[in-house]
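Position 1 is the first residue of the sequence, and the numbers go up from there.
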Amino acid sequence: MNYTALVTGASRGIGKAIALELAGLGYNLALVGRDSAALGQTAAEAISRGVECLQLPCDLAEVENARKVIDAAVERFGGLDLLVNCAGLSQKGPFTDVSPQDWDRIFAVNAKAPFFLCKAALEPLKKSSRPTVINIASVVSFKGYPGQSVYASSKHALRGFTKVFAKEVQPYGIRVHLISPGGVATEMVKEMRPDIDPSELISTDEIAGIVRFIVTREGNGTIDEFYIRRYSGLAFD
């Protein structure tokens, strides 16, 4: 029996790499993203690995879509075992340039959507034999960089929610993990941090490898949060 995973932000970047890694492990996939064409490419690659895929193109800034995609996944596959919250938006510039609309849009995708996706997924996850939630944050969830005020604020919010959520669902046996990467080779990072040498960026497959580790490891121990930095960055900074 295959497990089922719902992955947001699956049309490109880290989300796509995670989706394909899970497909290689035999997970059936519900793929969520705004770009229908790119989402279709991810689905085609996943299907070629021998799994079933449900494409759910939508904008997670619209909060009602959180319930819709969870319900659609459960209806298609009969349950849900893994939720990966990877969708994200960023904005570069001084905080004085941020409008209320900018703030609301970024928070809606980066913090509000994961919150309500977790809420919608709770009952299906309770029925799983291996219920897991993985939230993809960022180094800016605990550090601050000039020009990233709204993005950092939203990722701090995601990290704070993840800590509380993990405690509240622990009695149900749901495992919750936070992955906080440094600079990853995505279009978002290249736009936000053009100062970083592209050859030094972490590959998306490296983040997918952490997800593989999480979902395949056995034993009584667990790891709440993974922080992966660029090798060229400062150790223990």
Side-chain angles (χ1 to χ4, degrees), residues 4-19 22 29-36 38-39 42 54-76 80-91 98-125 131-141 148-166 168-169 174 176-181 184 186-189 192 204 207 211 225:
T4 296
L6 185 145
V7 182
T8 72
S11 58
R12 56 177 55 85
I14 295 173
K16 179 177 182 177
I18 290 172
L22 292 171
L29 297 171
L31 303 175
V32 181
R34 288 178 296 160
D35 187 330
S36 297
L39 202 64
T42 303
L54 173 64
Q55 298 176 54
L56 297 166
C58 70
D59 187 351
L60 288 174
E62 299 175 14
V63 69
E64 64 272 12
N65 284 332
R67 170 63 64 180
K68 289 179 180 178
V69 297
I70 295 295
D71 287 349
V74 172
E75 181 179 358
R76 170 68 181 274
L80 183 67
D81 305 287
L82 171 62
L83 170 62
V84 181
N85 286 305
C86 191
L89 292 178
S90 64
Q91 178 173 307
V98 176
S99 70
Q101 293 76 22
D102 295 331
W103 176 278
D104 289 344
R105 174 73 178 171
I106 291 173
F107 261 77
V109 175
N110 295 3
K112 190 175 184 179
F115 184 102
F116 286 99
L117 282 160
C118 287
K119 182 179 179 180
L122 180 57
E123 292 305 318
L125 287 172
T132 307
V133 174
I134 300 173
N135 289 338
I136 308 298
S138 165
V139 62
V140 303
S141 68
Q148 299 188 36
S149 59
V150 188
Y151 183 60
S153 297
S154 68
K155 291 297 185 178
H156 271 70
L158 177 61
R159 187 166 186 253
F161 162 64
T162 302
K163 290 179 178 182
V164 177
F165 175 67
E168 292 191 0
V169 301
I174 299 173
V176 179
H177 305 274
L178 187 71
I179 299 177
S180 299
V184 181
T186 64
E187 291 304 315
M188 179 189 293
V189 170
M192 295 288 283
T204 56
I207 308 304
V211 173
E225 181 174 5

Asks: Do side-chain atoms of Thr162 reach the backbone of Leu178 as a donor and acceptor pair under 3.5 angstrom?
Replies: no

Asks: Could you state the interatomic distance from OH (Tyr151) to CD (Gln91), rounded to the nearest 0.5 Å?
Replies: 13.0 Å

Asks: Specify the closest pair of heavy atoms between Asn85 and Cys118, including all atoms of both residues, with the distance to one decimal.
Replies: ND2-SG, 3.7 Å

Asks: Can you tell me how far apart CZ (Phe165) and CD1 (Ile174) are? Round to the nearest 0.5 Å.
Replies: 5.5 Å

Asks: Does Asn65 use its side chain to pair, donor to acceptor, with the backbone of Lys68 at less than 3.5 Å?
Replies: no

Asks: Do Leu22 and Val211 make a side-chain contact, defined as non-hydrogen atoms from C-beta onward lying under 4.5 Å apart?
Replies: yes

Asks: Between Ser153 (side chain only) and Ser149 (backbone N and O only), is there a donor and an acceptor less than 3.5 Å apart?
Replies: yes

Asks: Do Ser154 and Asn110 get their side chains close enough for a donor-acceptor pair, meaning under 3.5 Å?
Replies: yes

Asks: Measure the CD1-OG1 distance between Ile18 and Thr204 for me, rounded to the nearest 0.5 Å.
Replies: 9.0 Å

Asks: When rounded to the nearest 0.5 angstrom, what distance separates CG in Leu122 from CG in Leu83?
Replies: 11.0 Å

Asks: Please report the C-alpha distance between Cys58 and Val32 in whole Å, then the side-chain angles of each, then the deciding distance to 0.1 Å, and finally whether the side chain to side chain contact (heavy atoms under 4.5 Å, CB included) criterion is met.
Replies: CA-CA 7 Å; Cys58 70; Val32 181; 3.8 Å; yes

Asks: If you round to the nearest 0.5 Å, how far is NZ of Lys16 from CD1 of Ile14?
Replies: 14.0 Å

Asks: Got a donor-acceptor contact below 3.5 angstrom from the His177 side chain to the Asn135 backbone?
Replies: no

Asks: Sub-3.5 Å donor-acceptor pair from the side chain of Thr132 to the main-chain atoms of Leu82, do we have one?
Replies: no

Asks: Show the nearest heavy-atom pair for residues Ile179 and Pro181, with the distance to one decimal.
Replies: O-CD, 3.4 Å

Asks: If the threshold is 4.0 Å, N to carboxylate O, is there a salt bridge linking Lys163 and Glu225?
Replies: no

Asks: If you count heavy atoms of other groups shown closer than 6.0 angstrom to CD of Glu75, is the number above 12?
Replies: no

Asks: Taking the side chain as every heavy atom from C-beta outward, state whether Leu117 and Leu60 have any pair of such atoms under 4.5 Å apart.
Replies: yes

Asks: Lys112 versus Val63: any side-chain heavy-atom pair under 4.5 Å?
Replies: yes

Asks: Can you confirm whether more than 12 heavy atoms, excluding those of Arg34, are under 6.0 Å from its CZ atom?
Replies: no

Asks: Write down the atom of Ala72, the atom of Leu56, and the distance for their closest heavy-atom approach.
Replies: CB-CD2, 3.8 Å

Asks: Decide yes or no for Leu29 and Leu54: does some side-chain heavy atom of the first lie under 4.5 Å from some side-chain heavy atom of the second?
Replies: no

Asks: Any idea which heavy atoms bring Gln148 and Val140 closest together, and the distance?
Replies: OE1-CG1, 3.4 Å

Asks: Return the minimal non-hydrogen interatomic distance between Pro57 and Leu39, and the atom names on each side.
Replies: N-CD2, 3.8 Å

Asks: Under 4.5 Å between any side-chain heavy atoms of Leu158 and Lys155, yes or no?
Replies: yes

Asks: Once you round to the nearest 0.5 Å, how far does CG of Leu6 lie from OG1 of Thr4?
Replies: 9.5 Å

Asks: Within a strict 4.5 Å, meaning less than it, do heavy atoms of the Ser180 and Ser138 side chains meet?
Replies: no

Asks: Return the minimal non-hydrogen interatomic distance between Ala111 and Ala157, and the atom names on each side.
Replies: CB-CB, 4.0 Å

Asks: Please determine whether a side-chain nitrogen of the Lys or Arg among Arg105 and Asp59 lies less than 4.0 Å from a carboxylate oxygen of the Asp or Glu.
Replies: yes

